[in-house]
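To start, the structure under review is shown below, and the notes come after it.
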Amino acid sequence: SRRKISKDEL
Amino acid sequence: MNAFRLAGDMTHLLSIILLLHKIRAMKSCAGISLRTQELYVIVFVTRYVDLSMKYYSFYNSIMKIVFLGTSISIVWYMRYHKVVKQTYNKDVDTFRHIFLILPCFVLALLINRAFTVIEVLWTFSLYLEAVAILPQLVLLQRSRNIDNLTGNYVFLLGAYRAFYLLNWIYRFFIENHQVRWIPWLSGLLQTAIYADFFYYYIKSWKNREKLKLPA
């Protein structure tokens, strides 16, 4: 399964 | 963090450093669109509302603070600095903010991952960022001479999102991340808007000519 979305971008 | 993401952040940061250098050292904002700069303030403020609520990394927080602080200070210089504000091409910077802000906000209300304040604002910031360069491109098209600093600034600003596209491809295939249509498609549009500018920028660089966009 794919990794959960994280808003770690700018 | 992969190399594309870092390259993207660094070109973004470098573009801001170039612009601040032009403003602070040359005391000039000629050829720079205040409309675009004000849109970036809105982009950063609406995207980073989670700054005080969610911690990702030291790098992430510092970069957010830098982007917020520099974008606000650029607008301050262009509006209020007694020397800098006189170099602003007010008469040609006529693109109306509201024509970009309103459609982006409506779109964010309609198309988002979750109908919450934070999520809608985050989505709005991505849509707005995609088109925020338009007043700047219109201003460049109307300018006879585009100085090197301004040309390089816009080039780096465009290159930043192009690197992010590569970063998203990398994260999807190599790091097994989930699909994220909203940032991907917004980022793709954002980069596509620069295509014409990139073409003339590279052409002028190859021919060692001054950058000029056809009207």
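Chain naming here is simple, since letters A, B, ... match the order of the sequence lines and numbering starts at 1 in each.
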>> Please determine whether a side-chain nitrogen of the Lys or Arg among A:E9 and B:R47 lies less than 4.0 Å from a carboxylate oxygen of the Asp or Glu.
In response: no

>> Between A:R3 and B:N176, is there a side-chain donor-acceptor contact under 3.5 Å, judged purely by atom types and distance?
In response: no

> Does a side chain donor of either B:Y88 or B:R79 reach within less than 3.5 Å of an acceptor in the other side chain?
Replying inline: no

> Non-hydrogen atoms of chain A under 4.5 Å away: do they reach the side chain of B:Y160, the backbone, both or neither?
Replying inline: side chain

> Which atoms of B:N167 come close to chain A, meaning under 4.5 Å heavy atom to heavy atom: side chain ones, backbone ones, both, or neither?
Replying inline: side chain

Look at [options] and state which one has the largest set of heavy-atom pairs under 4.5 Å with chain A.
{"options": "B:W168, B:Y59, B:F44", "value": "B:W168"}
{"options": "B:E175, B:K64, B:M1", "value": "B:E175"}
{"options": "B:F172, B:F67, B:Y48", "value": "B:F172"}

> Is the count of non-hydrogen atoms from other residues, nucleotides or ligands lying under 6.0 Å from B:F105 atom CZ greater than 12?
Replying inline: no

> Does NZ or CZ of B:K203 fall inside the cone over B:Y199's six-membered ring, less than 6.0 Å from its centre and within 45° of the axis?
Replying inline: no

